[in-house]
Amino acid sequence: MAAPEKRCYTVEDLQIILACGRETVYTLLKKNEFRRFRVGGSGGAYRISKKSFDEWLDNKI
């Protein structure tokens with residue numbers, strides 16, 4: 001059985017995609033550049049909407 005298509009990215013995914021550090025990703029999150037939510041409540045890990053991020057990136061290129 002094939003793995004399901006990713007619908008969201010992690011902070012680490014964005015670090016790899018953008019070739020940047022963790023602080024840069026968190027700065028973008030604080031600026032609300034793309035839609036995101038937390039898994040596990042207010043102290044949980046971020047998940048970033050793949051669609052929202054991909055649209056943001058397409059507009060930057």
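What you see is a predicted model; the values in this text were computed from it and never measured. What you see below is based on every heavy atom in this structure, not just the backbone, and it leaves out hydrogens, waters and symmetry mates.
- The closest side-chain heavy-atom distance from Tyr46 to Val39 is not below 4.5 Å.
- Considering only heavy atoms from C-beta on, Leu57 comes within 4.5 Å of Ile17 through its side chain.
- Here Glu55 contributes atom CD and Lys60 contributes atom NZ; the two are 13.5 Å apart, rounded to the nearest 0.5 Å.
- Under a 3.5 Å cut-off, the side chain of Asp13 and the backbone N or O of Thr10 do form a donor-acceptor pair.
- The heavy-atom pair separating Gln15 from Arg22 by the smallest distance is NE2-N, 3.3 Å.
- Between Arg35 and Ile48, the closest side-chain pair of non-hydrogen atoms is not below 4.5 Å.
- Rounded to the nearest 0.5 Å, atoms CZ (Arg47) and NZ (Lys6) are 9.0 Å apart.
- Taking the side chain as every heavy atom from C-beta outward, Ile16 and Tyr9 never approach each other to under 4.5 Å.
- When Leu29, Leu28, Val11, Leu14 are each tested for a side-chain contact (heavy atoms from CB on, under 4.5 Å) with Arg36, only one passes: Leu29.
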